[in-house]
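Structure, as structure tokens:
The sequence lines fix the lettering, A, B, ..., with proteins before strands; numbering per chain opens at 1.
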Amino acid sequence: MEKDEKLLKVRHSMSHVMAEAVLEIFPTAKVAIGPAIENGFYYDFELPRPLKTEDIAEIEERMKRIIKGKFPFVRKVVSREQALELFKDQPYKLELIKAFPEGEEISLYTQSTFTDLCRGPHVKDTSELNPEAFKLLSVAGAYWRGDEKNPMLQRIYGTAWQTSKDLRVYLNRLKEVEKRDHRKLGKQLDLFSIHEEAGAGLIYWHPKGARIRSVIEDFWRNEHFKNGYEIIYTPHIGKSWLWKTSGHLDFYSENMYAPIKIDSADYYLKPMNCPFHILIYKSSMRSYRDLPLRWAELGTVYRYERSGVLHGLLRVRGFTQDDAHIICTPDQIGDEILEVLRFSLRIWKAFGFKDIKAYLATKPEKSVGDNAQWDKAIESLKRAVEKENLEYVLDEGGGAFYGPKIDLKIRDALGREWQMTTIQFDFNLPERFNMTFVDHDGKEKRPYMVHRALLGSLERFFGVLIEHYGAAFPVWLSPVQVEVIPVAAEFFDYADKLKKTLLEKGIRVNADLSSNRLNAKIRNAQNEKIPYMLIVGEKEAADNLVSLRDREGTRKNLMPFGDFIEMIGEKIKNKVLL
RNA sequence: GCCUCUGUAGCUCAGCUGGUAGAGCACCUCCAUGGUAAGGAGGGGGUCACCGGUUCAAAUCCGGUCGGGGGCUCCA
């Protein structure tokens with residue numbers, strides 16, 4: 001796309017202009033790297049002092065002035081020696097130059113007073129940059145080359161566009177993202193909380209959030225039963241024997257918590273459910289006639305995450321995976337994978353996510369299992385995505401050492417991608433636990449095992465769900481589906497009668513019998529994003545009618561109550577928004 | 001963990017250059033209340049995150065501790 005390439009040049013050039021502005025203020029600054037990124041650009045500096053907000057404004061002003069100077073971006077190719085000489089005071093640049101392979105062309109770009117080691121490309125001159133279409137957004141610390149052993153640099157992030165209108169649109173989108181922040185909405189609508197003093201990264205589900213969760217879980221369980229899964233429950237802790245056998249203590253221990261001593265044995269909180277599922281598998285002899293086995297569990301696991309990466313519901317230390325393991329014979333694997341994929345897509349559709357992309361990861365350098373196994377597995381994954389006409393990206397060598405996988409990323413209402421579903425082969429655990437089944441020929445053989453999480457974790461999924469809908473959930477998920485609002489105290493009885501009827505029909509309903517006035521009641525229900533309000537007074541009570549108002553503000557006055565029950569039943573059944 | 005910003009009532013926030021705390025919402029009480037986004041009055045509620053320092057005097061300045069936000073792969 002031509003426009004994208006242009007924007008890339010604009011953003012990259014902006015970062016050079018920013019570097020020039022920063023060097024004007026701090027002549028001794030050491031510059032690191034400054035690429036274009038999604039929506040903008042950044043540049044990393046080593047500065048004599050931390051940046052303040054006022055500095056940002058000044059850098060912006062200077063950038064505008066530089067842009068107005070109409071300076072050309074001049075490209076020049078130099079020898080390695082010339083480059084080393086030119087950047088002798090710039091240690092980060094020197095490091096980059098020294099790391100270039102022999103024979104690599106080294107190019108410089110100069111605009112105005114600033115020359116940078118740069119591959120380009122850039123705009124012709126700064127008149128192609130729009131001084132009204134960029135904004136510096138934030139300052140952050142960033143390790144040189146992303147490695148925490150390296151010095152911490154100061155990174156300035158900016159956004160840049162071709163027109164001031166594009167910039168405005170983008171800034172508005174940022175505002176929208178902020179408005180939908182699940183942490184903010186979670187507090188506002190009383191859905192969940194986190195209590196630092198009781199432990200970071202641990203989620204408390206409030207009644208309204210828990211309502212939603214229980215609807216999700218019920219739906220999840222029913223769908224699993226309908227699709228040939230069995231539901232199992234397993235413990236939260238297991239002795240070190242289990243984790244030694246599974247290999248977690250060797251390869252995953254940095255994510256596991258310290259053991260609990262019970263009767264002089266070490267027990268570990270589970271970071272994964274698989275070893276437990278395997279023990280159930282091994283509790284009896286399995287015949288090929290028993291396979292495939294599909295076992296699902298809403299399994300709560302605990303994993304250590306560094307404090308700095310914890311983020312609301314999206315990155316936590318304790319969470320419930322909607323986990324399942326499929327254990328089958330080699331010739332069942334194709335059908336099983338296809339079914340899992342179809343099942344996932346159906347579930348995502350039900351929750352209102354239609355834009356889904358697949359990421360297929362194949363065999364890495366270091367891996368277990370033989371090639372034939374890998375090939376067969378990858379083949380089944382490929383065939384499944386192709387059969388479902390899913391757009392997919394191939395990540396050659398990106399699989400885990402124990403098997404290939406498909407990840408599904410969903411796109412939310414704001415166009416952001418979230419990695420949720422993972423369907424992952426495991427050639428390691430069946431081996432480690434010596435899982436077998438007896439085949440037609442009476443011989444014990446190794447089954448295939450696939451891990452799969454659809455929603456990923458209920459916590460994270462809930463966070464994404466809140467942001468996707470801005471907490472205005474579809475009726476079937478709304479914690480309160482109907483608010484009955486009598487226009488005056490005289491009609492409280494009628495309101496209460498409606499409430500009881502709806503409750504009996506399994507509808508989540510509340511009647512506002514407070515002493516608030518009508519307008520305030522409507523406002524409260526509106527702010528709670530309750531899908532339907534039933535406003536009732538004399539006319540309604542006389543003929544068993546309701547006056548309907550939905551959260552969009554659309555009204556239907558004097559509707560027979562029976563019609564409303566039928567209507568909301570349909571909406572819930574069809575999982576529509578309103 | 002590290003860099004940076006930040007921490008005032010349940011929530012959202014004000015409190016300028018130091019002179020021992022304020023608003024709106026929520027909550028409680030009373031009054032009012034019949035038609036589609038806030039009826040009115042009064043009241044309760046804060047050791048200004050914590051510890052230490054400077055000062056006659058600290059929410060305010062300084063240091064530390066503990067939380068929270070943003071960032072730490074996007075390769076000149």
Sugar-phosphate means primed atoms, P, OP1 and OP2; the rest is base. With that split, encode nucleotides 23-28 of chain B 5' to 3' as B, S or - using protein heavy atoms under 4.0 Å.
------
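- Rounded to whole Å, the separation between the P atoms of B:G63 and B:C72 comes to 28 Å.
- Between the P atoms of B:U47 and B:G35, the separation comes to 44 Å (whole Å).
- Every residue two or more places apart in sequence or in another chain that forms a ring pair (Phe, Tyr, Trp, His ring centres under 6.0 Å) with A:Phe45 is listed here: A:Tyr43.
- Side chains of A:Ser478 and A:Gln481: a donor-acceptor N/O pair is absent below 3.5 angstrom, by distance only.
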Atom pairs, protein N/O to nucleotides 64-69 of chain B N/O, distance under 3.5 Å:
unit_1 : atom_1 : unit_2   : atom_2 : d
B:G67  : O3'    : A:Glu196 : OE1    : 3.2
B:G68  : OP1    : A:Glu196 : OE1    : 2.5
B:G68  : OP1    : A:Glu196 : OE2    : 2.4
B:G69  : O3'    : A:Arg183 : NH1    : 3.3

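- Shown here are the ring pair (Phe, Tyr, Trp, His ring centres under 6.0 Å) partners of A:Phe462, two or more places apart in sequence or in another chain: A:Trp205.
- Within the 4.0 angstrom heavy-atom criterion, base atoms lie near A:Asn527.
- For A:Asp395, there are no side chain to side chain donor-acceptor pair (under 3.5 Å) partners at least two apart in sequence or on another chain.
- B:U55 and B:G71: their P atoms are spaced 42 Å apart (whole Å).
- Base engagement by A:Glu540 is indicated by at least one non-hydrogen atom pair under 4.0 Å involving a base atom.
- The nucleotide whose nearest atom lies closest to any side-chain atom of A:Ala140 is, among B:C11, B:A37, B:G71, B:G71.
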With a cut-off of 3.5 Å and sequence neighbours excluded, list every side-chain donor-acceptor pair involving residues 482-493 of chain A.
unit_1   : atom_1 : unit_2   : atom_2 : d
A:Glu483 : OE1    : A:Asn510 : ND2    : 3.2
A:Glu483 : OE2    : A:Asn510 : ND2    : 3.2

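- A:His468 places none of its side-chain heavy atoms less than 4.5 Å from the side chain of A:Ile410.
- Comparing B:A38, B:C75, B:C72 by their nearest atom to the side chain of A:Ala142 picks out B:C72.
- A:Gly146 comes within 4.0 angstrom of sugar-phosphate atoms only, judged by non-hydrogen atoms across all strands, and of no base.
- A:Asp395 places its CG atom 13 Å from the C1' atom of B:U73, with the value rounded to the nearest Å.
- Sorted by first then second residue, the ring pair (Phe, Tyr, Trp, His ring centres under 6.0 Å) pairs that include residues 76-104 of chain A, not counting sequence neighbours, are A:Tyr92-A:Trp144.
- In this structure, A:Ile535 places its CD1 atom 13 Å from C1' of B:G34, rounding to the nearest Å.
- Of the options A:Arg11, A:Lys6, A:Lys9, a salt bridge (Lys or Arg N to Asp or Glu O under 4.0 Å) to A:Glu128 is made by A:Lys6 and by none of the others.
- If you take CZ of A:Arg549 and C1' of B:U36, they are 5 Å apart, rounded to a whole angstrom.
- Taking side-chain N and O atoms only, A:Tyr143 has no distance below 4.0 Å to OP1 or OP2 of B:U4.
- For the pair A:Ile67/A:Met14, a side-chain contact is recorded, criterion being any heavy-atom separation below 4.5 Å from C-beta on.
- Nucleotide B:A59 forms no Watson-Crick or G-U wobble pair with any nucleotide shown, as no partner meets the under 3.5 Å limit on both distances.
- The C1' atoms of B:C16 and B:A59 are separated by 14 Å, rounded to the nearest whole Å.
- Put simply, the side chain of A:Lys571 gets close to the backbone of A:Leu578: a donor and an acceptor are under 3.5 Å apart.
- Nearest to the side-chain atoms of A:Asn557 among the listed nucleotides B:G35, B:U36, B:A37 stands B:U36.
- Residue A:Glu105 is in base contact, counting any heavy-atom pair closer than 4.0 Å across all strands shown.
- Qualifying ring pair (Phe, Tyr, Trp, His ring centres under 6.0 Å) partners for A:Phe564, counting only residues two or more places apart in sequence or in other chains: A:Tyr532.
- Looking at heavy-atom distances under 4.0 Å, A:Glu104 makes contact with a base.
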Heavy atoms under 4.0 Å is the rule here; annotate nucleotides 39-44 of chain B 5' to 3' with B where the base is hit, S where only the sugar-phosphate is, and - elsewhere.
B-----
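- Judged by Watson-Crick or G-U wobble contacts below 3.5 Å, the nucleotide B:G39 has B:C31 as its partner.
- Between A:Arg306 and B:C72 there is no side-chain N or O to OP1 or OP2 distance below 4.0 Å.
- When heavy atoms are screened at a 4.0 angstrom cut-off, A:Gln188 is found touching no nucleic acid atom at all.
- A:Tyr109 comes within contact range of no nucleotide atom at all, as no heavy-atom separation falls under 4.0 Å.
- Residue A:Glu490 has its side chain nearest to B:G34 when only B:C3, B:G35, B:G34 are considered.
- Between A:Tyr157 and A:Leu153, the one whose closest nucleotide on RNA chain B sits nearer the 5' end is A:Leu153.
- Between the C1' atom of B:G10 and the CG atom of A:Leu189 lies a distance of 16 Å, rounded to the nearest Å.
- Note on A:Glu38: nothing from the nucleic acid sits closer than 4.0 angstrom, heavy atoms only.
- For A:Glu24, the side chain to side chain donor-acceptor pair (under 3.5 Å) test picks out A:Arg62, A:Arg65, with sequence neighbours left out.
- A:Lys521 comes within 4.0 angstrom of nothing in the nucleic acid, heavy atoms only.
- Among the protein residues, A:Ala489 comes within range of no part of the nucleic acid, since none of its heavy atoms lies under 4.0 Å from any strand.
- Among the heavy atoms of the strands lying under 4.0 Å from A:Phe491 is at least one base atom, whether or not backbone atoms are also near.
- Counting to the nearest Å, the C1' atom of B:G70 and the CG atom of A:Leu174 are 13 Å from each other.
- Base pairing of B:U73 is not made with any nucleotide, judged by Watson-Crick or G-U wobble geometry with both donor-acceptor distances under 3.5 Å.
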Would you mind writing out the side-chain donor-acceptor pairs for residues 27-40 of chain A within the sub-3.5 Å range, not counting sequence neighbours?
unit_1  : atom_1 : unit_2  : atom_2 : d
A:Lys30 : NZ     : A:Asp89 : O      : 3.4

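- A gap of 28 Å separates the P atoms of B:G10 and B:G18, to the nearest Å.
- A:Ile156 has its CD1 atom 15 Å from the C1' atom of B:C5, to the nearest Å.
- One atom, OH of A:Tyr43, and another, C1' of B:C3, lie 19 Å apart when rounded to the nearest Å.
- Distance alone, capped at 3.5 Å, is enough to place a donor-acceptor pair between the A:Glu60 side chain and the A:Leu136 backbone.
- B:G39 and B:G52: their P atoms are spaced 48 Å apart (whole Å).
- Across every strand in view, B:A26 sits unpaired, with no contact that passes the Watson-Crick or G-U test at under 3.5 angstrom.
- Figure legend. B:C50 is base-paired to B:G64; pairs are counted as Watson-Crick or G-U wobble with both atom distances under 3.5 Å.
- The side chain of A:Val487 sits closest to B:G35 out of B:G35, B:C75, B:U36.
- In this structure, the ring pair (Phe, Tyr, Trp, His ring centres under 6.0 Å) partners of A:Phe73, at least two apart in sequence or on a different chain, are A:His122.
- Remark: C1' of B:C2 and CG of A:Asn150 are 12 Å apart, rounded to the nearest angstrom.
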